[in-house]
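Following: one structure in structure tokens, then a few remarks.
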Amino acid sequence: MGVVNTALSMMAYDYPTEKLSVYVSDDGGSKLTLFAFMEAARFATHWLPFCRKNKVVERCPEAYFESNPSSWFPETDQIKLMYETMKIKVESVVEKGTIPHDHITNEQEKQAVSRWTDEFTQANHPAVVQVLLEGSKDRDITGHTMPNLVYVSREKRPGSPHHFKAGALNVLIRVSATMTNAPVVLTLDSDMHSNDPQTPLRALCYLLDPDMDPNLGFVQFPQAFHGINKNDIYAGECIHVYQIHPIGMDGLAGPFHVGTGCFFRREVFSGVPSRTPGLSSDHLVSKSIGNKEVLASAHHVAAWNYENQTNWGTKIGYRYGSLCEDYFTGYRLHCEGWKSIFCNPKRPAFLGRAPINLNVCLSQSKRWGVGLLEVGFFKHSPIVFGLMEIGPLMGLCYANYAFRPLWSIPITIYAFLPQLALLKGVSIFPKVCVHSSISIIDFRL
Ligand SMILES: O=c1ccn([C@@H]2O[C@H](COP(=O)(O)OP(=O)(O)O[C@H]3O[C@H](CO)[C@@H](O)[C@H](O)[C@H]3O)[C@@H](O)[C@H]2O)c(=O)[nH]1
Ligand SMILES: [Mn+2]
């Protein structure tokens, strides 16, 4: 239900629905996820007008109902019941691992689910691009246009590299380019939700401002979290990464990309003209997203071998080669001359989940450590490539992170050495001579 809430909170943005398209990437390739989104699409036709009519600020349904809103509207009980029913239905389907026949209500849904044949596995399956809501056709219960909602599960074949999240995002960039090709793209992780319906307007204020540097490539919002334990014992909030350093970098070429909560100009991903003419950032999509041709090209660009012999991952799209694809991609964009801006409104634009147990925390730290060193010690190292491309200060900012995992060596030594020295009675610090003298500092007012 987490990712359903992510999508619903974005679909309910205060933004003309006919100009809004939400693409969901399911890297697990599960028909249960597709089912959850079919249900979400139905619920959205009630949720969106409810939020609009009552000017609800908290547009993530789970967070809204959890917050026990003080201003209870006449329809709140009804919509809450609707949400709870959907949640129970989806959770029971996920628990059973299969979708009962009576849960499939129309031919279109039946056809979509039938693509999960016996051979369909998580690591070996064709691309699935399913339009769940089509702005030009679907209406909410008040007759208002719905935003587009598209489910995407890219093709996976055993033995072929899929490049983790960077690969998934590149597929979404291409699929959205063939279907709607909006000039601004927001990326949001599945463990986050929008916390402020005005956020697109804030980002557009920067991106559309004629006085702004035309090289402004992305507007980065900080990551903020909910559900962190009181003392945040695993330092999951990472305030220096998400709040402090970006403010400093904002005075230079701009903050780094932190993987989520970021509005990009689509152009930044185009790098050089791409293989399919329809994928250039300025082409206008004239056909509806349900059109057969459009769907065919969406499936084509989500194929496992589409990127072979192309510049995807090297010169265009999210860059491959580091487990920290966000840091690496932002860095390469800065090196190409793009600028970024930090937008940190009082009410957090997005809220997400941070690691709250040791296991998750360690595996995240390990992944980040490996990802950062992959940048530090290879071809595009900030201390060589970076210093030349973005100058000493930005180069230093990026190098600070690329080599940060090396701190683990002195820190580990420091954690054990004093205790060992104490047990052995060896002094590890230089001896200090204490002279028997007394100094008096006399302050007079
Ligand atoms: O093969 C993969 C792996 C991950 N994801 C998605 O990537 C996102 C982030 O993954 P998560 O497990 O939440 O990683 P975190 O460590 O919490 O993520 C932080 O660090 C990542 C870089 O390591 C960034 O991409 C994230 O934006 C940043 O929040 C999620 O939406 C996943 O669904 C994929 O789509 N495919
Ligand atoms: Mn996460």
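All values below were derived from every heavy atom in this structure, side-chain atoms included, with hydrogens, water molecules and symmetry-related copies excluded. All ligand and atom numbering here is 1-based and tracks the order in the structure.
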Could you check whether [X] pairs with [Y] (Lys NZ or Arg NE/NH1/NH2 to Asp/Glu carboxylate O, under 4.0 Å)?
X	Y	value
Glu39	Lys87	no
Lys165	Asp326	no
Arg319	Glu336	yes
Lys156	Asp27	yes

Could you see which bit of [X] sits under 4.0 Å from ligand 1, with heavy atoms only: side chain, backbone, both or neither?
X	answer
Tyr327	neither
Gln364	side chain
Leu169	neither

Test your reading of the structure: does [X] have an N or O sitting under 3.5 Å from an N or O of ligand 1?
X	answer
Ser25	no
Arg154	no
Asp191	yes

Checklist entry - So, is the end of the Arg265 side chain (NZ or CZ) under 6.0 Å from the ring centre of Trp338 and within 45° of the ring's axis? => result no

Next on the checklist: ring pair (Phe, Tyr, Trp, His ring centres under 6.0 Å), that's the test. Do Tyr318 and Phe328 meet it? Break it down for me.
Outcome noted: CA-CA 8 Å; Tyr318 265 79; Phe328 187 44; over 10 Å; no

Item to check | Test log, rule side chain to side chain donor-acceptor pair (under 3.5 Å), inputs Ser153 and Asp26 | outcome: CA-CA 5 Å; Ser153 183; Asp26 178 15; 4.9 Å; no

For [atom], what is the nearest protein heavy atom, given as residue, atom name and distance?
atom	value
atom 5 (N) of ligand 1	Lys165 CB, 3.8 Å
atom 23 (O) of ligand 1	Arg367 NH1, 3.1 Å
atom 30 (C) of ligand 1	Ser190 OG, 3.6 Å

Checklist outcome for this item: Of Phe264, Tyr327, Tyr331, the one forming a ring-ring contact (aromatic ring centres under 6.0 Å, His included) with His257 is Phe264

Item to check | Criterion ring-ring contact (aromatic ring centres under 6.0 Å, His included) against His245, the qualifying member of Phe256, Phe342, Tyr401 | outcome: Tyr401

Checklist entry - Given Thr329, Asp326, Asp27, Val241, which one has a non-hydrogen atom that is nearest to atom 22 (C) of ligand 1? => result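 The nearest heavy atom belongs to Asp326.
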
Checklist entry - Which residue from Thr260, Val3, Asp189 reaches closest to atom 26 (C) of ligand 1 through any of its heavy atoms? => result Asp189

Next on the checklist: If you take the centroid of each ring, where Trp contributes its six-membered ring, are Phe377 and Phe403 closer together than 6.0 Å?
Outcome noted: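 Distance test on ring centres: under 6.0 Å, yes.
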
Next on the checklist: Quick check on the 6.0 Å ring-centre criterion: do Tyr320 and Phe164 meet it?
Outcome noted: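 Tyr320 vs Phe164: aromatic centres not under 6.0 Å.
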
Next on the checklist: Does the plane of the ring in Tyr306 sit parallel, tilted or perpendicular to the ring in His300? Use 30° and 60° as the thresholds.
Outcome noted: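 Geometry flag for His300 against Tyr306: perpendicular rings.
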
Of all the atoms in ligand 1, which lie at a distance below 4.0 Å from a heavy atom belonging to [X]?
X	answer
Val258	27 (O), 28 (C)
Phe164	1 (O), 2 (C), 36 (N)
Gly259	27 (O)
Leu323	22 (C), 23 (O)
Glu325	22 (C), 24 (C), 25 (O)
Gln223	28 (C), 29 (O)
Trp368	16 (O), 19 (C), 20 (O), 22 (C), 23 (O)

Item to check | Full working for ring pair (Phe, Tyr, Trp, His ring centres under 6.0 Å) between Phe35 and Trp116 | outcome: CA-CA 12 Å; Phe35 173 74; Trp116 272 261; over 10 Å; no

Item to check | Contact bool for atom 33 (O) of ligand 1 (protein heavy atom, d < 4.0 Å) | outcome: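 At least one protein heavy atom is under 4.0 Å away.
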
Checklist entry - Mind checking whether the Mn ion (ligand 2) has an N, O or S of Asp191 under 2.8 Å? => result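 Within the cut-off used here (under 2.8 Å), Asp191 does place an N, O or S atom near the Mn ion (ligand 2).
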
Checklist entry - Touching ligand 1 at all, Met192? Heavy atoms, strictly under 4.0 Å? => result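 Checking ligand 1 against Met192, which is what was asked, there is no heavy-atom contact under 4.0 Å.
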
